[in-house]
2 protein chains.
Amino acid sequence: MEQRGRLTLPTDADMVEETLRLKELLGADALRDCDGTTMPDELLSADAKKYATYYTTRKDNEWAKANPEEIQQEYLISDRITARSNTLRIRLMKGFHTEQLKVNEIDDPKRWWEVIDRTTGEVVPTDQWEYDKTTGEVEIHTIPYHQYTVSFLAFLIWDPVHMYNFITNDWKDAPHQLTFDVRQPKTQKHVKEKLKQWCIEHPDIDVVRFTTFFHQFTLTFDEQKREKYVEWFGYSASVSPYILEKFEKWVGYKFRPEFIVDQGYHNSMFRVPSKEFKDFIEFQMIEVSKLAKEMVDIVHSYGKEAMMFLGDHWIGTEPYGKYFANIGLDAVVGSVGDGVTMRMISDIKGVKYTEGRLLPYFFPDVFCEGGDPIGEAEENWLKARRAILRSPLDRIGYGGYLKLASEWDGFIDTIQHVVGEFRQIHENMQGSSAYMAPFKVAVLNCWGNLRRWMANQVHHAIWHREIYSYVGVLECLSGMPIDVEFITFEDIKNGILDNGEIKVIINSGDAGTAFSGDKNWIDEKVVTTIRRFVDNGGGFIGVGEPSAYQFEGRYFQLSDVLGVDREMNFSLSTDKYNEMDPEHFILEDIDGEVDFGEGMSRIYAQGENYQILCMDGEYSQLVVNTYGKGHSVYFAGLPYSPQNCRILLRAIYYAAGMEDEMKKFYVTNVDTELAVFEKTKKIAVINNAKEARETDLYVHGKKVMHLDLEPMEMRWVEY
Amino acid sequence: MEQRGRLTLPTDADMVEETLRLKELLGADALRDCDGTTMPDELLSADAKKYATYYTTRKDNEWAKANPEEIQQEYLISDRITARSNTLRIRLMKGFHTEQLKVNEIDDPKRWWEVIDRTTGEVVPTDQWEYDKTTGEVEIHTIPYHQYTVSFLAFLIWDPVHMYNFITNDWKDAPHQLTFDVRQPKTQKHVKEKLKQWCIEHPDIDVVRFTTFFHQFTLTFDEQKREKYVEWFGYSASVSPYILEKFEKWVGYKFRPEFIVDQGYHNSMFRVPSKEFKDFIEFQMIEVSKLAKEMVDIVHSYGKEAMMFLGDHWIGTEPYGKYFANIGLDAVVGSVGDGVTMRMISDIKGVKYTEGRLLPYFFPDVFCEGGDPIGEAEENWLKARRAILRSPLDRIGYGGYLKLASEWDGFIDTIQHVVGEFRQIHENMQGSSAYMAPFKVAVLNCWGNLRRWMANQVHHAIWHREIYSYVGVLECLSGMPIDVEFITFEDIKNGILDNGEIKVIINSGDAGTAFSGDKNWIDEKVVTTIRRFVDNGGGFIGVGEPSAYQFEGRYFQLSDVLGVDREMNFSLSTDKYNEMDPEHFILEDIDGEVDFGEGMSRIYAQGENYQILCMDGEYSQLVVNTYGKGHSVYFAGLPYSPQNCRILLRAIYYAAGMEDEMKKFYVTNVDTELAVFEKTKKIAVINNAKEARETDLYVHGKKVMHLDLEPMEMRWVEY
Ligand SMILES: [Mg+2]
Ligand SMILES: [Mg+2]
Ligand SMILES: [Mg+2]
């Protein structure tokens, strides 16, 4: 069995001996530095690849200070203030931290700012307001009791991630790292020269780990240095007059700050993306990929590899966009928060290898009294492992202060076990893919494949009460024997269902969001195409508020397909006679309650072809419906759990009308799953529970084995 | 003390002796028959007023059968069917009961029906569909996978209330009572003649109790004789080509069935009423009041009183509309389901007296094994009593089979106690009104005073999970020392706030409904007027989704006034740092948990002037906010309970900025309330709990008395 390789460890100046010991013990073949740690010279000659974290946009305050006009910028929106008379003064920096952001007074406010009357949505003409530099306020000629906002440009005078790390680790002396905008010509030239120089000065470094390229996701702090706004997918800090003038030229219409600040929602991924925002992303992808390629070419010219960190300044790279492969990267590395974020990395094409940084990060917020780093490592691995079996990372690694990990009793044993299982997977799969169901499942939303495995997320793997009942769907899918596509409403209209590969569509999210689809559901082409698809034998799975848009007597526009609608009070006068009948293929393995998470309220069944499998009082939570030759399944919510993975798996086979196929390869216990490698004739049976489990293994519909599995065990079986 | 009067009892053919006994025992001064019972001749000479239930629209099958074209009609909407090819046949009566309704094949379908493509909202041209009498189907030329409905006219061949009573009481032999449309000339003439004849033939009857006039609220049964659709406020059964042609002439535009069927929602009161529906109501009010007056005049010409039952065929009378008083009625009687429905009767102007029919109705669905008529009578009285103290009925009464009541152990004692308390209230108030707070509170919605005390209701006092957290607001108000107005958004724009009488506005309901207000909240005039009102010292109380309409970066358009907004996912990226601080005037009397009912989810506080009094996890449930000189209070829900009455009372005084006034007259225990009659210097202190309670009485801010109250006691105190 492989005992070495596929593993990257962090190191630090004071950890030379311990690094070497752990490298041997764990079989690491790469070492890395991190933000706040240093690779000791003594290790540069170690028998391992050396990664160096490289920051294109910071760690050069001298340059930033010398070129203040080329510091990175962000579109901010002021507080929304109600006028009480005919004038109003809005202090722009109220609510922001002045150590992080500074109003851009260099570029003309009248050209780049926008004052909006939010009571009418109208733009206030530029002669009706004035910026007062002495107070930092905008004075507006107003209509009493209307509300106003100012959208304005600010310089990012403290890199948000540096600021975050500084605050989290309570750093004291480190100077605040300013940012600079690599897209601008002067800085671009400087940064390229610096990278060349750096490559020359670091002959022992094998891998330049870009963290990342040019634009930070949106991360803003408030006056108390608390996080104020964070969107891991946000483009608000990827702007500057230089970029925006180029954008205007490229797109052929005038730029408006509103394209970025978006009523103050900053184009949260939950917003149905506007045409203008999609244009802007397209433009940024083109420009970022071009410039990133130049950086990668430099790295290659010095015989080093170029690796991109999927995080920090990843904005505009869009690994699932059509320009990403052009960058020519050797690798992508990213943080593995769960199965979903694992797939977010491992599914990336156009690189030679992918690497996942497992949790926990070796930071004192976890390695502390009351912290549970071993528990976190186990939970993380349980979620990552089942997803890796479907779409493997090539490498794994860790980050942070190695000292913290090495001194925590039992932690090194834990990761040694993880690394061992990871190598075992690669050894047994031999580069092949695990068996997948003989059809594709498509997740339908406004973002589609551009945001593959990113639906319903606010910030990389962060739990929110509003989203976990939807994110669960993807988390379940991330480790299921299912080939998952992410498609848009445009894809539907362009005929993506025509070739018959997709057998099941999933639409999951709250009404009004990009993930449910909002107005797309009153697009005649969309609804008729999906109805025809299901009528002819396709499947439709809805979670939460699928196809929701109040129109012409229905809230769920596919209520005929789904067999359910939501009571929005307008049909309270209509009597419902909903009764439960839980006997169904979908619940065959399930004992006890189904967990619907927050659970969408007020769902009732309607039509003549439904069967309600679960109810909460008079409302329904799990409903199946037949529609011509096709089937639908409605879930009020589907948070991640091993049981819900099983329920979703069954729901998919039911929706696809292929129940008979399910037991081709199958394990009975809901806490267990399997991955089958037909090439090597090996089956991994995994126990996703932290307790021992018994399970029966089915191959080609027949029970072939009974297995007793240890807690969290991965058992390999030949067949 | 009064021992006699103000009470109406039902009687029946076999109950002569018992009626006389109970009349004496309870001091009844009026006797009545009911649907299904008969006034025995022996009682016609009794010393009491005799009421006779009079049905203008039924109990004359001979006439109905002879004039089938003048049977009442209802607009129905067929099932919504998805076309799978280029033609579709919709069977109109599917889902309806053919004993109740029959397709109108007399009037031209092409003139009066409408086929609508619900996928586009477009009307299908009349040459694209055909009605097939032989099958009762409409064949439509369709676009595949579009959905279609047929709106059509049907005759009401079984009166809905007769059908309901027939089913509920399991009547066997009674012939189904057909309906006829009194608005049509032939029937109108017949009905008037019949009424005259009836008056002549019933010289001993004192009061003609109309049940009611001409149009039944919407009540439709399905194929299994189950209730299919019921809307107590519905106009769908108030139509006929005769009426609609008159309407077209009056209103000046062409009628469309869609004005009535309303996408299948049948103008549920929760729908923001369309201009066309409001026009139709106006027209019906004018016509119904005119014709009703003619009926009343006939009754008066025979020396009898005319009483209207607020129910059954009350549609178009609109007791709070501007034509009602013209009818010239002597009295209105209605069912008292709770405090709200009591006020719905007792607040009516333009009649000499009002009468409330208390619950339970003497029907076998309550007077049966497992039934609790005494408990129901007590609950009913507890709710009615506190409301009667604010706005008294002149009379009370009961309905149904007297035999059931007289044979139920202890029931007569219970109502004897109720009647005694009712007379005591009248004796002590001496025609004066109870003390009210020195300002008005306005409930703001799309219906305003036309539907006084009717907001957020589906069917007269029926509990629904979706509404009880809103109906509670009105139920609390119905018995509070507060002068309540019901106002519309038009009233706001027309300056109703200008005279300073209204100090507090309440907006309570789900987003999108007529009770929250929907698009009215993006009306610049509405929001600026209310902001100015609060800024200058007014109060605003929001419950559920007040001022909700997603627009320009906010869901609650008055988020600045309210200090809260609802998380619709778009601002998940914005960090909230909401913390609770329950120390506040509003909660001073309250021990323990506050009940928010279903409780609106995802409410967060924002701005700089809020205080969160109650939270559920990270979300807020009760929040106060200051806004200039004014105040607002947000409730996630407010079901009726004595404790919530107290909380709302305090919230109102807080919102009005008049906390100091509250203890002018006050009792401390939340289960107790008081009503003060300044004219007679008497105070009623009531115990709303079924257990004994202690309470302190405050007069002019000073504690004057400690009271020990028996369960449900009403104690009269002189001051
Ligand atoms: Mg790594
Ligand atoms: Mg009902
Ligand atoms: Mg956060």
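Everything quoted here is computed from the prediction, not taken from an experiment.
For a residue to count as touching a neighbouring chain, one of its non-hydrogen atoms must lie under 4.5 Å from one of that chain's; by this rule A:Tyr627 touches chain B with backbone and side chain alike. At a 4.5 Å heavy-atom cutoff, the contact between A:Arg554 and chain B is made by backbone and side-chain atoms alike. Using a 4.5 Å cut-off between heavy atoms, A:Arg532 contacts chain B through both its backbone and its side chain. Within the 4.5 angstrom heavy-atom criterion, only side-chain atoms of B:Ile116, from C-beta onward, approach chain A. Looking at A:Gln606, neither its backbone nor its side chain comes within 4.5 Å of chain B, counting heavy atoms on both sides. With a 4.5 angstrom heavy-atom cutoff, A:Ile81 does not touch chain B via any of its atoms. The part of B:Gln550 that comes within reach of chain A is its side chain, from C-beta onward, which places non-hydrogen atoms under 4.5 angstrom from that chain. Using a 4.5 Å cut-off between heavy atoms, B:Glu608 touches chain A through its side chain atoms alone. Heavy atoms closer than 4.5 Å to chain B are found nowhere in A:Glu598, neither backbone nor side chain. Heavy atoms closer than 4.5 Å to chain B are found in the side chain of A:Asp222, but not in its backbone. Only the side chain of A:Glu567 comes within contact range of chain B, with at least one heavy atom under 4.5 Å from a heavy atom of that chain.
By the 6.0 Å contact criterion, NZ on B:Lys493 is enclosed, its count of non-hydrogen atoms from other residues, nucleotides or ligands being greater than 12. The environment of OH in A:Tyr164 is sparse: at most 12 heavy-atom neighbours from other residues, nucleotides or ligands sit within 6.0 Å. Around the CD atom of B:Glu223, the shell of radius 6.0 Å holds more than 12 heavy atoms that belong to other residues, nucleotides or ligands.
Salt-bridge annotation for B:Arg271 and B:Asp262: present, with a side-chain N of the basic residue lying under 4.0 Å from a carboxylate O of the acidic one.
Close approach to chain B, defined as a heavy atom under 4.5 Å from one of its heavy atoms, is seen in A:Glu524, A:Val527 of residues 517-527 of chain A, taken by number.
Put simply, of B:Tyr577, B:Phe551, B:Tyr619, the one with the most heavy-atom pairs under 4.5 Å next to chain A is B:Tyr577. The choice from A:Thr218, A:Thr120, A:Asn456, A:Val458 that makes the most heavy-atom pairs within less than 4.5 Å of chain B is A:Val458. Contact tally against chain A (heavy-atom pairs below 4.5 Å) for B:Arg118, B:His146, B:Arg465, B:Met568: the top residue is B:Arg465. For the set B:Arg226, B:Lys228, B:Glu231, the count of heavy-atom pairs under 4.5 angstrom toward chain A peaks at B:Arg226. Ranked by heavy-atom pairs shorter than 4.5 Å toward chain A, the options B:Trp232, B:Tyr229, B:Phe515, B:Phe570 are led by B:Phe570. Chosen from B:Thr529, B:Asp535, B:Asp510, the residue pairing most often with chain A at heavy-atom distances under 4.5 Å is B:Asp535. Interface remark: of the candidates B:Gln557, B:Glu618, B:Arg602, B:Glu552, B:Glu552 forms the most heavy-atom pairs closer than 4.5 Å to chain A.
In this structure, B:Ser151 contributes its side chain and B:Ile77 its backbone to no donor-acceptor pair below 3.5 Å. Using a distance-only test at 3.5 Å, with no hydrogens or angles considered, no donor-acceptor pair links the side chain of B:Asn267 to the main chain of B:Pro273. The backbone N or O of B:Ala511 lies less than 3.5 Å from a partner atom in the side chain of B:Glu545, making a donor-acceptor pair.
With no hydrogens or angles considered, a side-chain donor-acceptor pair links B:Thr82 and A:Asp560 at under 3.5 Å.
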### Query
Would B:Ser559 and A:Arg80 satisfy side chain to side chain donor-acceptor pair (under 3.5 Å), going step by step from the backbone distance to the final call?
CA-CA 10 Å; B:Ser559 60; A:Arg80 157 191 301 252; 5.8 Å; no
### Task
Quick one: do B:Phe277 and B:Tyr235 satisfy ring pair (Phe, Tyr, Trp, His ring centres under 6.0 Å)? Show the steps, please.
CA-CA 9 Å; B:Phe277 183 52; B:Tyr235 273 68; 5.8 Å; yes
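Across every non-hydrogen atom of B:Asn625 and B:Leu562, the tightest pair is CB-O, 3.4 Å.
A distance of 7.5 Å separates OG of A:Ser78 from CZ of A:Phe96, quoted to the nearest 0.5 Å. Summarising the geometry, atom CG belonging to B:Asp616 is positioned 11.5 Å from atom CD1 belonging to B:Ile603; distances are rounded to the nearest 0.5 Å.
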